[in-house]
Amino acid sequence: MTLHSFSLLLYAFVAACLHVSAAELAWNSHTTPGSTTPTAFLPFYVPPGAKSYDSASPLLLYSGKWTELFSTTYVGKSLRQSSEVGAAILFVFTGSGIEWFGNCDRNHGVSDVYIDGLLAQSVDAWCDVDTPRKQQRIFWNYALEPASKHILKIINTGACRGTKRACLSSMDALVVTKGLVTKQPNSTPSSLSSLAPYSSRPPSLLLSASQPAEKWTLVQKGSTGVHAMQLAVISSTHALVVDKVEHNPLTIDGHPAWAALYNIDTHAVQPLAMKSNSFCAGGTFLGNGTMIVVGGNPVVDGGQTSSADFGDLNGLQSMRLFEPCPSSSVDNCTMYENPDRIRMASPRWYNTVVRISDGSAMIIGGSKKGGWMNNATVNNPTLEYFPPKSLHGSNGLPIDMPFLRRTLNSNLFPIAFALPDGTIFMAANNDTIIYDWEANTERQLPSIPNGVRVTYPMAGTALLLPLSPDNNYEPQILICGGSNVDDTKPGYEISSQDPASKQCARLVLTDDGIAAGWEVDEMPEARLMPDAVLLPTGEVVLVNGAASGISGYGNVVNQVGASNADHAVLTPVLYTPSAPLGGRFSSDGIPSSEIPRMYHSVATLTPRGDIMIAGSNPNLDRSEIMYGTEYRVEWLGPPYMAKARPQILDGPRRLGFGQQAVFKVRLPPGLVDVSDVKVALMDFGYVTHAVHANSRLVYLVATLSTNGATLSIAGPPNGKIYPPGPGWLFLVVNGIPSKAVHLMVGDGKGPKVDEGAIENVIKNTKPPQYEQSKSGGGEA
Ligand SMILES: *[C@@H]1O[C@H](CO)[C@@H](O)[C@H](O)[C@H]1NC(C)=O
Ligand SMILES: *[C@@H]1O[C@H](CO)[C@@H](O)[C@H](O)[C@H]1NC(C)=O
Ligand SMILES: *[C@@H]1O[C@H](CO)[C@@H](O)[C@H](O)[C@H]1NC(C)=O
Ligand SMILES: *[C@@H]1O[C@H](CO)[C@@H](O)[C@H](O)[C@H]1NC(C)=O
């Protein structure tokens, strides 16, 4: 077992409540508080709210022969090690989690770790290097009863790989975590009294208030190991989790990882090597199934920190390629980066990426450097394509977008959806347009009603509602939540207690619909930073978010910990688009969570049909205080999960546009009435910062044979209705969906490549800090 596979034993993760200092400039490096010297990016880290015990602490009781080594590279300048079989360490602590740090190399071997008298794990501190890697996380468990006293015992077994002699066990430090305070204080500030759940609407108007509540489930299981800032399902078994560079518990190559592949069936996590800082990137699949993860953060910010510390590269122009990884073993799946040859033409932090009708990616907006609220100095009011296109004389270089100038300041992570006529809907700040990329024209749409702002840091969430041949794929946009806070105010005039918006606005994107304007509805609770997840049934689940404040951390007054937001909204709500206005929301039968999920939270549909909910981290680096860094995963199961469900047994793996395809299916036994048969083709999207880019549901024309065993479907008419690329197919019978099968929609070939435009991008652009960070020159 390697150090990496310890990650399989990651469990719940909990934290306690202390105080953290406010704004820090560094986004991606680490400077120990009170020091000006950046420290190396090693796994050892004491998050705010946790406590470290050095190997020399009198609270660690050693038995057998232990040798003490001294070096400034050890925690507390000392480390103890033993090669004696049976040599042991005993430590008594109170807390929810314990981490053991020590060395690893080829001379280290297996120790048995007991917690409260039970063998927790045999851990192997072997790693494939001669010179010991220091400050490595050898063992951790975050799933202990927080209020109880626990006994940790470590015994060197002497067992060792590749050699006969007894191997080493080493102790550098122990870190105890206290346990998250998940329950919020009951007190509601007076400014929020108007935000009390359901206050605006008599309960009788709620959709299913009079019907018996169907049973939803909410289960906490698994840990993402790296904080889940970005989330995308990549196969039937795995989701890609991407974070910023920070002290996550999961380790790769001797340093904390900032990306991982999460097995949604077994909950195992495998770290994924990344070169550049992915804070805050966007992403999409391309028409050939390759995923791109685009943009991010520079290495150095404000001259405060050193690039060499974290070993990451400037991510501002990063184009990361993740080739299709369909196997349930993800050992060989990699994130490819080659900034000398493959990069964006301009720097982008908080950009949105959408797949368009030719299977290529449109990369929209962002800011030219990391910061907070966008402004005219750092704004990148352009879009570009991957692979680069020569359009409107651009020859691969960015194309100007007046919309992104007009919508300053709160216009980062713009909302964008590819419409069924090939144009792109966009929302930023309080404004909306339709962008025709072939003509390079913007069509002004009505502004978001009531001045609500819906993009970072006043983030709402949005979806393209399901497209159906029944109404000729008439597109409708839904935008929920956000904030009315004035985006020209400085942070010190904005409070974490400023109320968020309850508004859900909906617009039919036809000439008549646009003339009629936005239809305004209200969620039961106000939400900033919600996540909207389409179900195969065509309903929408809204989860996560905060009832007050704005996105980000360290910027406003009345921060909670470092969070700019407060009053986590803990109850998911179901939105039924087809219900009449005033009766679309219901939380009946839906359990509330105890885990606040605010800034940097995510949620996605899985191929099983349930919802994976993860993340929340309004912090510069991992924190164990309110609102801490959240690694726990929750699974929200709609009532259909527990019912007898139809199955798709067999069928083609590729679905051509307009082409017929036949699938073998099985209906639940004893089903009498099969009048309601739908086939949903879905993209689960690339989720980050409340943006569910590429999220899509297209109903297909389908016929079920009379014996219920054969399903004939027609592929979507063209790439405008469903941009070519991967998709998930659900059979929905009487409102109950099957599990999904993974398909390639279109011809599976990549988007057209314009070599001239690629060369022009390479010739005319240079990542500003790439060479510097590659050579470690950022240390200067
Ligand atoms: C991963 O790569 C190794 C070495 O090329 C190969 O032996 C192994 O079969 C691959 N595993 C998978 C799941 O493809
Ligand atoms: C614009 O934003 C950047 C990045 O956050 C910040 O450094 C700069 O001070 C801002 N400029 C103005 C004029 O507010
Ligand atoms: C949108 O926001 C801008 C910038 O804060 C403001 O000037 C404008 O009046 C707002 N528009 C609407 C329709 O609320
Ligand atoms: C898909 O297309 C992109 C862009 O041309 C290319 O980099 C990538 O390697 C292709 N992937 C596959 C699986 O062919």
Side-chain angles (χ1 to χ4, degrees), residues 23-27 234-235 237-238 261 263 268 270 279-280 283-294 297-298 300-304 316 318-339 341-344 347-350 353 355-356 358-363 366-381 384-389 396 408-412 456-457 487-494 551-556 564 654 723-726 744 746-759 761:
E24 289 184 70
L25 282 174
W27 290 91
I234 55 148
S235 70
T237 52
H238 280 81
L261 294 166
N263 187 316
Q270 175 155 311
F279 176 53
C280 290
T284 183
F285 291 102
L286 300 173
N288 59 10
T290 294
M291 168 171 274
I292 58 171
V293 178
V294 183
N297 201 63
V300 182
D301 190 73
Q304 294 284 305
L316 273 173
S318 282
M319 180 59 63
R320 309 171 190 84
L321 301 179
F322 187 78
E323 298 295 342
C325 171
S327 161
S328 62
S329 156
V330 292
D331 292 352
N332 295 345
C333 304
T334 55
M335 189 67 82
Y336 177 78
E337 282 182 72
N338 178 7
R341 290 298 307 166
I342 307 174
R343 60 175 182 252
M344 276 193 289
R348 295 181 196 271
W349 182 85
Y350 284 62
V353 188
R355 184 165 82 254
I356 60 174
D358 66 355
S360 70
M362 176 188 283
I363 303 163
S367 106
K368 285 184 244 170
K369 60 181 273 205
W372 176 51
M373 189 98 72
N374 203 5
N375 62 46
T377 315
V378 295
N379 191 21
N380 186 346
E384 61 184 280
Y385 298 88
F386 186 81
K389 286 188 202 302
L408 283 172
N409 293 323
S410 67
N411 69 355
L412 292 177
Y456 179 90
D487 68 338
T488 60
K489 281 205 281 195
Y492 58 79
E493 287 179 22
I494 299 175
S551 305
Y553 49 83
N555 309 105
V556 306
N564 288 351
R654 204 173 69 67
M744 179 58 83
D747 62 10
K749 294 184 184 144
K752 224 166 88 189
V753 173
D754 181 336
E755 293 294 346
I758 293 176
E759 283 313 314
V761 169

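If you're wondering where the values come from, they're calculated on a predicted model, not measured in any experiment. Just so you know, ligand 1 is whichever comes first in the structure, and atom 1 is the first atom listed for that ligand.
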Just wondering, do Ser235 and Cys325 contact through their side chains at under 4.5 Å, heavy atoms?
no
Do you see a protein non-hydrogen atom under 4.0 Å from atom 9 (O) of ligand 1?
no
Ring-plane angle category for Trp349 and Phe279, please: parallel below 30°, perpendicular beyond 60°, tilted otherwise.
perpendicular
Checking the side chain of Arg348 only, and the main-chain atoms of Ser367 only, is there a donor and an acceptor separated by less than 3.5 Å?
no
Of all the atoms in ligand 4, which lie at a distance below 4.0 Å from a heavy atom belonging to Thr290?
1 (C), 8 (C), 10 (C), 11 (N), 12 (C), 13 (C)
Below 3.5 angstrom, do we get any N/O pair linking Asn332 and ligand 1?
yes
Tell me if a side-chain donor or acceptor on Asn564 pairs with a main-chain N or O of Asn555 at a distance below 3.5 Å.
yes
Need the ligand 4 atom indices (1-based, order shown) with element for anything under 4.0 Å from a heavy-atom of Val753.
5 (O)
Numbered atoms and elements of ligand 4 in range of Glu323, under 4.0 angstrom, heavy atoms
8 (C), 9 (O), 11 (N), 12 (C), 13 (C)
Could you go step by step and tell me if Asp331 and Gln270 meet the side chain to side chain contact (heavy atoms under 4.5 Å, CB included) rule?
CA-CA 8 Å; Asp331 292 352; Gln270 175 155 311; 3.3 Å; yes
Which ligand 2 atoms are under 4.0 Å away from a heavy-atom of Trp372?
5 (O)
Which of the atoms in ligand 2, numbered in the order shown and given with their element, are less than 4.0 Å from a heavy-atom of Asn375?
1 (C), 2 (O), 3 (C), 8 (C), 10 (C), 11 (N), 12 (C), 14 (O)
Should you measure from each heavy atom of Leu321, which atoms of ligand 4 turn up under 4.0 Å away?
7 (O)
How far is atom 7 (O) of ligand 2 from the closest protein heavy atom, and which atom is that?
Lys369 NZ, 3.8 Å
Report yes if the side chains of Leu408 and Asn375 come closer than 4.5 Å at any heavy-atom pair, otherwise no.
no
Look at atom 13 (C) of ligand 2 and say which protein heavy atom is nearest, naming residue and atom and giving the distance to 0.1 Å.
Thr377 OG1, 4.2 Å
Distance under 4.0 Å to a non-hydrogen atom of Gly371: what atoms of ligand 2 satisfy this?
4 (C), 5 (O)
Of all the non-hydrogen atoms in the protein, which one sits nearest to atom 1 (C) of ligand 4, and at what distance?
Asn288 ND2, 1.4 Å
Is there side-chain contact between Thr284 and Phe386, with heavy atoms separated by less than 4.5 Å?
no
If only atom types and distance count, is the side chain of Ser327 paired as donor or acceptor with the main-chain N or O of Ser329 below 3.5 Å?
yes
Numbered in order shown, the ligand 1 atoms found under 4.0 Å of a heavy atom of Ser329 are 13 (C)
When you look at NZ of Lys749, are more than 12 heavy atoms from neighbouring residues, nucleotides or ligands closer to it than 6.0 Å?
no
